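Okay, structure first, notes after.
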Protein chains: 2
Amino acid sequence: MQKAAAEKSDPIAAQLAPVGRETVQDRVYSELRRALIGGLFEPSQVLTIRGLADALMTSTMPVREALGRLITEKALEALPNRSVRVPPITLERMDDLLRARILIEGEAIALAATRMTPKQISTIETMLSEWDEMRALKQKKDVDREVTLNQAFHFEIYRACGSAVLIPMIESLWLQSGPCIRVAIYAFSDAGEVDTAHYHRTIVKALARQDAREAREALVADISRPFVFLRNKLEADSKKGTSV
Amino acid sequence: MQKAAAEKSDPIAAQLAPVGRETVQDRVYSELRRALIGGLFEPSQVLTIRGLADALMTSTMPVREALGRLITEKALEALPNRSVRVPPITLERMDDLLRARILIEGEAIALAATRMTPKQISTIETMLSEWDEMRALKQKKDVDREVTLNQAFHFEIYRACGSAVLIPMIESLWLQSGPCIRVAIYAFSDAGEVDTAHYHRTIVKALARQDAREAREALVADISRPFVFLRNKLEADSKKGTSV
DNA sequence: TTATTTGATTTGTGATCACACTTGCATTGA
DNA sequence: TCAATGCAAGTGTGATCACAAATCAAATAA
């Protein structure tokens, strides 16, 4: 067992090649998670185990376990028929989600404000310029990249709060609001330009000053935007037609 | 298909006998959940799929899916060996859990304070007297019943907050702090009597007055107790012996 | 034409099997 | 005596199968 001997004598190499290999189940779970946060599935869409298994080139086994996990996180919904779908959007649910996000992400950024290192601050400052880059070549909106960049920015901050309890809850909330957000972003592009970078800049300034109160307020403004926008849109739509 | 016809013509009966039967997986999941919240497993205990399957008289399939779900909720922990255990108790984790619980359960009870109906208030008032009953025959402390009653009291309140997002998060937090709580309750009984009913009575009074602020403060006092108690105990223990 | 029924297909669930990896213990060697 | 080696039991993971329930479609009856 030369490999084990090498790991024992060289703990650094052991860390570089961690013993825990990635399972198929984890890959499927991450894949579905990414798709949900990015809003690649649309609300009320029904997912089948065999369908996903074919799409992900694996058997049904890893898929059903991943689906079960996503259901417990309320990222998916189990219908009484035993079929699973991505939860539909309702006004009540949106308000509920936004309130929870304000509460928890607000607390996380307040904690982060007092704990972020200069290095971490400069990391999120660098991210700001990426928005400018993206705006420079704004011939076509790259929604995927917007979502990814926005997510990276927020979680870089949340990670700094140092709470192993809050962060998974925030991930769960993003998972649940993913479908709504994607719809809202598409609605944004119809309604003209909206400057996410401006909101993020305000957040960075507050964090640089270690001003927890300002940071929280700026964050609330940032995450509220898509929700209030989508809410207005849905209410306008329901006025025009009686049906949803 | 007379059954389908009956359901279609009688939607009430359909609700009384919901089509979704309980699966074995759900039963296993609930069982493990209950055991964890009740603290029947001790911290750092390793659980095996086949062992649980035998204990629950089923095959490995429902167990592995239930374990996967509990791992995503951070109620259990996946070690790099691929074995799963109930997470060990650390001071950092306890503080982290308590802060999150104060934040979220505090918000839930504040919402509930403005929404609870007189009927709901009287329900939790009834629960208070059960504590007195239990204290009457206090020859032996019935920890299981204490845990169950405490849980029923709190969730009767949380349900009234009307948030489909906050309640699952609270359940997840209870799942995570279950093992700690059990340890703390046993420590309580060593340290003499502690009057849970007194704290609950204060909460009920505040809720009856629809005083959200008072209710939140009383709740914080209630849920903080086992944590600060256990914290003191752990710190005292670590002073006596260098090892944990 | 419309509503009902019947049959075929699809789908989720649970059990079992095969494989790879880990763990623990006994044997062997220095 | 002690460390290293090798074997055996145990464990998690993924695939496949069997079965029951649900869904859909065509065919039949009113």
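Every chain is numbered from 1, with letters handed out A, B, ... down the list of sequences. Note that the coordinates shown come from a computational prediction; the quantities given were computed from them, not determined experimentally. Values below: all heavy atoms of this structure, side chains included; hydrogens, waters and symmetry mates excluded.
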* To do: With heavy atoms under 4.0 Å as the rule, sort B:Leu79 into base, sugar-phosphate or nothing.
  =>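 B:Leu79: no heavy atom of the nucleic acid under 4.0 Å.
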* Among A:Arg85, A:Arg82, A:Arg93, whose salt bridge (charged side-chain N to carboxylate O under 4.0 Å, His left out) with A:Glu77 holds? ->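 Output: one option passes, namely A:Arg85.
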For nucleotides 18-20 of chain D, give me every protein contact, N/O to N/O, under 3.5 Å, one pair per line with atom names.
none

Side chain of [X], backbone of [Y]: donor and acceptor closer than 3.5 Å?
X	Y	answer
B:Ser30	B:Asp26	yes
B:Ser177	B:Leu173	yes
A:Gln120	A:Thr117	yes
B:Arg64	A:Glu65	no

Can you measure [X] atom [atom1] to [N] atom [atom2] for me and round it to whole angstrom units?
X	N	atom1	atom2	result
A:Ile49	C:dT9	CD1	P	21 Å
B:Tyr29	C:dT13	OH	P	15 Å
A:Leu47	C:dG12	CG	C1'	14 Å
A:Arg82	D:dA22	CZ	P	8 Å

* Asked: Contacts to DNA chain D from residues 52-73 of chain B, heavy-atom cutoff under 4.0 Å, which residues?
  ->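 B:Met61, B:Arg64 - these, ordered by number, are the residues of the stretch whose heavy atoms sit under 4.0 Å from the strand.
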* Asked: Do the side-chain N and O atoms of A:Gln176 and A:Ser172 include a donor-acceptor pair separated by under 3.5 angstrom?
  ->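 There is such a pair (donor and acceptor under 3.5 Å, judged by atom type) between the side chains of A:Gln176 and A:Ser172.
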* Asked: Can you check whether B:Asn81 has a side-chain N or O nearer than 4.0 Å to OP1 or OP2 of C:dT23?
  ->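 For C:dT23, OP1/OP2 do have a side-chain N/O of B:Asn81 under 4.0 Å.
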* Asked: Which atoms form the tightest heavy-atom contact between B:Ile167 and B:Arg159, and what is the distance?
  ->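 Heavy atoms of B:Ile167 and B:Arg159 come nearest at CD1-CA, 3.7 Å.
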* Asked: A:Arg34 and A:Glu31: which non-hydrogen atoms are nearest, and at how many Å?
  ->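 Between these two residues, the closest heavy atoms are NH2-OE2, 3.0 Å.
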* Kindly indicate whether a cation-pi arrangement holds for B:Arg33 with B:Trp174, taking the cut-offs as under 6.0 Å to the six-membered ring centre and within 45° of the axis. =>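 No.
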Listing time: all N or O pairs from protein to nucleotides 6-8 of chain D that are below 3.5 Å?
none

* **More than 12 heavy atoms of other groups within 6.0 Å of A:Glu130 CD** =>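 It does: A:Glu130 CD has more than 12 such atoms within range.
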* Please say whether more than 12 non-hydrogen atoms of neighbouring residues, nucleotides or ligands are located less than 6.0 Å from CD in A:Gln45. =>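 Counting other residues, nucleotides and ligands, CD of A:Gln45 exceeds 12 neighbours.
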